[in-house]
Amino acid sequence: MSRYSPAEIEAKWQAAWDAAGTFTARRDPGKPKYYVLEMFPYPSGRIHIGHVRNYTMGDVIARYKLATGHNVLHPMGFDAFGMPAENAAMASGGHPRDWTYGNIDDMVAQMKPLGFGLDWSRMFATCDPEYYGQQQALFLDFLQAGLVERKNATVNWDPVDRTVLANEQVIDGKGWRSGAEVERRELTQWFFKISDFSEELLEALDTLDDWPAKVRLMQSNWIGKSRGLQFSFSMVAPQGAHDRIEVYTTRPDTLMGASFIGISPDHPLAKELERDNAEVAAFCKQARQGGTTEEALEKAEKLGFDTGLTVRHPFDTAWELPVYIANFILMDYGTGAIFGCPAHDQRDLDFARKYDLPTPLVFTDLRAGDPAGPEIYSGGSIGGLPVTVNPETGDKAFVPGKSERVRYIRGFAGDEVQTGDEAVEAAIAACESQGVGRGVTQFRLRDWGLSRQRYWGCPIPVVHCEACGVVPERKDNLPIELPYDEDGTPIDFSVPGNPLDRHPSWRDCACPACGAPAQRETDTMDTFVDSSWYFARFTAPRATTPTDRAEADYWMNVDQYIGGIEHAILHLLYSRFFARAMHITGHLPEKSKEPFNALFTQGMVTHAIFQTRDAGGRPVYHYPADVAFRDGKGFLEDGTEVEIIPSAKMSKSKKNVVDPERIIATYGADTARWFVLSDSPPERDVEWTASGAEAANRHLARVHRIASDIAQADTPANADDDALLKEMHKTIFDVTQGIDSFGFNASIARLYAFTNVLQKSKAGAEAKRRAARVLAQLMSPMTPHLSEELWAMLGGTGLIAEQPWPEADAAMLVEDTVTMPIQINGKRRAEIEVPKDLPKDEVEKLALAEDAVQRALGDGPPKKLIVVPGRIVNVVV
RNA sequence: GCGGGCGUGGUGGAACGGUAGACACAAGCGACUUAAAAUCGCUAGAGCGUAGCUCGUGCGGGUUCGACUCCCGCCGCCCGCACCA
């Protein structure tokens with residue numbers, strides 16, 4: 001009898017699929033197509049177990065769809081531009097291109113042994129000139145279609161290295177290399193006009209039925225549609241050209257609670273004041289310190305500078321409000337100016353407390369004044385109305401939900417008692433009728449700045465000419481390739497900044513319009529651009545235009561997209577925009593405006609951390625391979641017990657990583673594939689454990705053993721055949737349903753159960769062989785190599801990968817009787833076995849006759865009797 | 001700080017508002033063996049007065065005949081926050 005030997009069989013069957021071209025996708029209008037795609041990896045050089053899980057999920061779908069008669073497209077590529085390659089060149093010399101392609105070779109070599117049913121002939125990397133040249137063509141088409149523009153953006157500026165930093169390079173407000181205090185600085189950049197599509201991108205979310213609701217909600221919040229009022233405060237004393245300050249607010253109902261005006265340090269008025277006032281300039285400089293992230297802005301200490309200027313309240317010209325320059329207001333949002341209502345906004349309240357500004361209350365809790373209700377205010381007043389928030393809760397603003405009803409004491413429109421939403425609408429209407437501003441619908445979504453001051457990215461194909469201005473490159477000149485060296489000299493990556501900027505022979509060129517000497521744009525594109533259309537490129541990866549319409553029309557859309565939740569907003573939103581832009585420019589059909597029909601977000605693979613402490617109490621981490629287990633505890637070789645911290649995100653610094661290559665070498669690819677799917681639902685994290693992997697391997701060996709016994713068995717057909725086949729059909733049904741609904745762990749649990757049944761069954765050899773072949777088929781999406789081996793062993797013909805999926809016989813699924821639990825007051829106390837269609841009153845009779853029920857009832861009748869047919873009986877006593 | 005999610009035995013997890021703990025891991029006991037490994041079988045949420053009863057799905061409330069599931073308020077952890085990919 002042969003033993004389970006993954007190393008042998010896995011290589012063998014991979015070669016067989018290659019030879020048969022099982023996974024090579026060809027357009028065939030006669031067959032329904034199915035496009036399954038996993039988010040492609042960044043070529044770090046090593047695949048990790050999380051990749052294994054991600055691609056195994058996609059492969060299960062791909063192989064299952066192939067078996068159900070689909071023409072499957074399942075491609076793979078690399079998201080190959082980005083900072084790590086430049087960082088590597090900076091840290092240890094070499095060239096980003098060599099580093100990246102070397103890593104890609106390594107990763108492909110690590111992925112192939114996993115036996116994924118991928119069409120490798122379509123592979124590309126986004127750093128291939130063939131790919132990014134087409135991306136440049138797309139950029140030019142977008143530019144011509146009015147989908148691109150130039151304007152200012154705020155960036156992180158390192159004043160010592162004199163370079164722009166990525167957010168992740170800003171640590172606690174300081175540059176990662178120089179340690180210098182980072183400044184926010186404005187720069188002219190290219191933008192995709194994604195905000196023109198805000199409404200459409202928001203509305204179309206409703207059509208994405210097969211996307212997780214949480215992703216749609218996150219996108220919806222990100223786009224952030226709001227209804228508000230745009231109006232201006234007139235200045236008491238005009239300052240230069242400024243005689244008013246334009247603000248936007250989503251809470252115009254709190255206008256009578258205004259306490260101050262805040263403007264961004266980059267507001268034109270602030271800039272004007274800065275010019276001839278050293279104190280203002282010093283404050284603005286300080287206010288511009290720190291990173292650009294929303295998180296940094298929100299968490300930073302709120303600072304303000306009283307300009308001494310004042311404005312008039314639009315409804316009471318005698319009421320003057322001070323104008324502050326504030327560090328938490330960004331010029332990129334709204335008008336770069338706000339009015340503060342401290343009583344009903346936490347940030348404004350913090351600010352008002354700090355600068356001792358009044359906090360007029362606009363509305364109160366309906367229960368205010370009720371002794372049992374919250375006390376919201378006390379203290380002084382303006383015009384007989386309360387001003388000071390209750391000193392006891394004085395640092396907490398009263399911010400109820402907008403749908404909650406509150407009592408307006410400083411309202412100016414609508415009822416005294418109304419919801420925030422109603423009050424906002426009433427306030428907008430009232431303001432409009434009195435000529436104070438206008439109602440405006442605004443979106444939080446900003447345009448997508450795509451310029452990056454870096455080398456390792458797709459060059460932006462434009463030229464700056466003194467005479468003609470900004471000129472698009474001619475498509476004939478594409479691709480504009482990144483220079484590998486500097487006329488024979490290696491590019492120096494050790495200097496901060498963009499090497500393209502200091503590369504004269506690459507930068508200098510002829511103007512595509514007038515032919516005069518001109519200069520190339522040295523910025524490259526955000527790597528999100530690369531990943532915003534790769535799915536379309538996979539449909540015709542070698543086409544000499546961005547897409548081939550016949551191929552794109554056939555293969556698009558992606559039927560099932562699989563990736564991490566961390567991409568829930570940006571990558572997916574940008575891709576949705578790109579698909580629309582590509583449709584407008586003729587590169588994709590109408591139906592592809594939403595390019596991903598279904599989305600699945602998978603969880604991470606985690607691993608316990610093994611830790612001891614050094615003399616100073618600091619943690620010391622240990623690799624899993626160095627830890628031995630006894631009685632559920634872990635020990636180092638010298639006998640020291642380690643502390644086990646379960647389920648932590650894998651990270652090299654914590655040493656809680658497992659290497660897929662080692663797993664494959666030890667157990668084989670099928671074990672790795674089986675285990676990463678087996679223990680947790682796919683959308684949740686799964687914890688990798690050595691014992692779990694071992695057990696998965698033992699199970700596969702067991703299936704192999706059972707199958708080889710069955711292959712040689714000669715038991716005649718008998719009375720047990722029917723029960724086995726019935727169980728087989730139920731298993732087909734359950735496993736299929738599991739795969740269809742991404743319940744891979746449930747499918748696997750069912751396969752375990754069926755294996756147990758098969759092993760114990762006394763059925764005849766023929767029935768058992770049939771059941772075992774079906775078992776092999778049902779396992780084949782997860783363990784394709786073992787399944788091929790079993791299939792061949794059990795007399796199957798051809799490749800199991802190319803067999804039609806087994807179908808459950810509905811007649812074999814029905815049961816004649818059901819077990820009904822009987823509850824007394826909601827607690828299970830007994831159960832009865834009844835015919836499936838027994839009438840309700842019969843069930844009631846049987847239930848009441850039960851001992852447990854009789855005992856609970858005593859002599860009285862039940863208070864209530866609930867019978868859910870086929871499900872449950874509940875007796876209330 | 002803001003937005004989104006998750007929380008069930010010693011462990012991973014299962015459970016259309018209807019028998020909480022399927023299926024596994026770890027553990028214990030047994031069979032086989034000279035022995036071990038492998039394999040096979042059995043036990044197993046906690047507690048108690050053990051034919052049975054009580055408690056139990058992060059914490060506190062609520063809705064319901066019935067709540068892991070729905071609602072409200074907390075706590076903890078994870079993801080995202082526009083130049084990480």
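The structure displayed is predicted, hence computed values, not measured ones. Naming: A, B, ... by sequence-line order, numbering from 1 per chain.
In this structure, the CD1 atom of A/Ile171 is 12 Å from the C1' atom of B/C84, given to the nearest Å. Taking atom CZ of residue A/Phe81 and atom P of nucleotide B/A85, one finds them 12 Å apart after rounding to whole Å. Whole-Å rounding puts the A/Gln219 CD to B/G5 P distance at 14 Å. Atom CG in A/Asn825 sits about 11 Å away from atom P in B/A67, given to the nearest Å. Between A/Asp734 atom CG and B/C23 atom P the separation is 13 Å, expressed in whole Å. Between A/Glu683 atom CD and B/G7 atom P there is a gap of 10 Å when expressed in whole angstrom units. Rounded to a whole Å, the CG atom of A/Leu445 is 13 Å from the P atom of B/A82. Look at CG on A/Leu205: it is 14 Å from P on B/G4, rounded to the nearest Å.
Within the structure, every side-chain polar atom (N or O) of A/Arg698 is placed at least 4.0 Å from both OP1 and OP2 of B/A37. At the phosphate of B/C81, neither OP1 nor OP2 sits under 4.0 Å from any side-chain N or O atom of A/Arg444. For B/G12, neither phosphate oxygen OP1 nor OP2 lies less than 4.0 angstrom from any side-chain nitrogen or oxygen of A/Ser680. Neither OP1 nor OP2 of B/A24 sits under 4.0 Å from any side-chain N or O of A/Ser678. In this model, the phosphate group of B/G66 is not approached by any side-chain N or O of A/Arg829 to a distance below 4.0 Å at OP1 or OP2. Listed pair A/Asn745 / B/A14 meets the phosphate criterion, a side-chain N or O lying under 4.0 Å from OP1 or OP2.
Nearer to the 5' terminus of RNA chain B, by closest-nucleotide assignment, is the contact made by A/Arg871 (compared with the other of A/Arg871 and A/Ile748). For the pair A/Asn756 and A/Phe40, both in contact range of RNA chain B, the more 5′-proximal nearest nucleotide belongs to A/Asn756.
In summary, of the residues considered (A/Trp211, A/Tyr561, A/Phe742), a ring pair (Phe, Tyr, Trp, His ring centres under 6.0 Å) with A/Phe600 occurs for A/Phe742 alone.
Across every non-hydrogen atom of A/Pro496 and A/Thr163, the tightest pair is CB-CG2, 4.3 Å. Contact record, A/Leu778 with A/Met782: O-SD, 3.9 Å, taken as the closest heavy-atom pair.
Note on A/Val875: nothing from the nucleic acid sits closer than 4.0 angstrom, heavy atoms only. Contacts of A/Val868 with the nucleic acid, taken as non-hydrogen atoms under 4.0 Å apart, include base atoms. Among the protein residues, A/Gly224 comes within range of no part of the nucleic acid, since none of its heavy atoms lies under 4.0 Å from any strand. Among the atoms of the strands shown, none is found under 4.0 Å from any heavy atom of A/Ala568. Nucleic acid contact class of A/Lys760 (heavy atoms, under 4.0 Å, all strands): sugar-phosphate only. Residue-level contact check: A/His571 touches neither bases nor backbone, having no heavy atom under 4.0 Å from any strand.
With both ends at atom C1', the span from B/C68 to B/G56 equals 12 Å, rounded to whole Å. Separation of the P atoms belonging to B/G61 and B/C25 is 39 Å when rounded to the nearest angstrom. B/G66 and B/G18 have their P atoms separated by 14 Å, given to the nearest Å. Taking atom P in both B/A15 and B/G52, one finds a spacing of 30 Å when rounded to whole Å. Atom name C1', nucleotides B/G80 and B/A67: the rounded distance is 31 Å, in whole Å. Taking atom P in both B/C53 and B/G41, one finds a spacing of 32 Å when rounded to whole Å. Between B/G21 and B/A14, the two C1' atoms lie 7 Å apart (nearest whole Å). Taking atom P in both B/A35 and B/G30, the straight-line distance is 14 Å, to the nearest Å.
Taking the six-membered ring for Trp and thresholds of 30 and 60 degrees, A/Trp674 and A/His699 have nearly parallel ring planes, at less than 30 degrees apart. Using cut-offs of 30° and 60° on the angle between ring planes, the pair A/Tyr4 and A/His704 is tilted. A parallel orientation is assigned to the rings of A/Tyr55 and A/His51, their planes being inclined by less than 30° (bins at 30° and 60°).
Closest to the A/Ala166 side chain, of the nucleotides B/C84, B/C81, B/A22, is B/C84. Which of B/G18, B/C40, B/G12 sits closest to the side chain of A/Arg702 comes down to B/C40. If you check B/A24, B/C84, B/G41 against the side chain of A/Met83, the one that comes closest is B/C84. The side chain of A/Arg684 lies closest to B/G13, out of B/A85, B/G41, B/G13. Proximity note for A/Lys214 (side chain, C-beta onward) versus B/G5, B/C25, B/C65: the nearest is B/G5. Checking B/C23, B/A20, B/A82 against every side-chain atom of A/Tyr752, the shortest atom distance belongs to B/C23. Of the candidates B/A82, B/G18, B/A26, B/G18 carries the atom nearest the A/Asn874 side chain, counting heavy atoms from C-beta on. Distance from the side chain of A/Arg446 is smallest for B/A82 among the nucleotides B/G18, B/A82, B/C84.
Syn is the classification of B/G9, since its glycosidic angle stays within 90° of 0.
A salt bridge does not link A/Glu294 to A/Lys299: none of the charged side-chain nitrogens sits closer than 4.0 Å to a carboxylate oxygen.
Annotation: side chain of A/Phe197 is not in contact with side chain of A/Leu445 (no heavy-atom distance under 4.5 Å).
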Under 3.5 Å, N/O pairs linking protein and nucleotides 1-3 of chain B:
| residue | atom | partner | partner atom | Å |
| --- | --- | --- | --- | --- |
| B/G1 | O2' | A/Glu298 | OE1 | 3.4 |
| B/G1 | O6 | A/Glu295 | OE2 | 3.4 |
| B/G3 | O3' | A/Asn221 | ND2 | 2.9 |
| B/G3 | O2' | A/Asn221 | ND2 | 2.9 |

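Put simply, the side chain of A/Glu566 and the base of B/C81 share no donor and acceptor less than 3.5 Å apart. Between the side chain of A/Asn167 and the base of B/C83, no donor-acceptor pair of N or O atoms lies under 3.5 Å. The base of B/C65 lies outside donor-acceptor range of the side chain of A/Gln823, with no N or O pair under 3.5 Å.
Although no hydrogens or angles enter the test, the distance criterion places a donor-acceptor pair under 3.5 Å between the side chain of A/Lys354 and the main chain of A/Lys302. Looking only at distances, no side-chain donor or acceptor of A/Thr154 sits under 3.5 Å from a matching main-chain atom of A/Arg184. Side-chain atoms of A/Asn327 come within 3.5 Å of backbone atoms of A/Glu301 as a donor-acceptor pair (strictly under, hydrogens ignored).
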Test A/Tyr574 against A/Phe192 for ring-ring contact (aromatic ring centres under 6.0 Å, His included), laying out the working first.
-> CA-CA 10 Å; A/Tyr574 289 157; A/Phe192 288 121; 8.6 Å; no
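Inspection of the A/Asp447 and A/Ser195 side chains reveals an N or O donor paired with an N or O acceptor under 3.5 Å. A donor-acceptor contact under 3.5 angstrom links the side chains of A/Thr292 and A/Asn167, judged on distance only.
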How does RNA chain B read in dot-bracket, base by base from 5' to 3', with Watson-Crick or G-U pairs under 3.5 Å and | used when the partner is on another strand?
-> (((((((..(((.....[....))).(((((.......))))).((((...))))..(((((..]....))))))))))))....
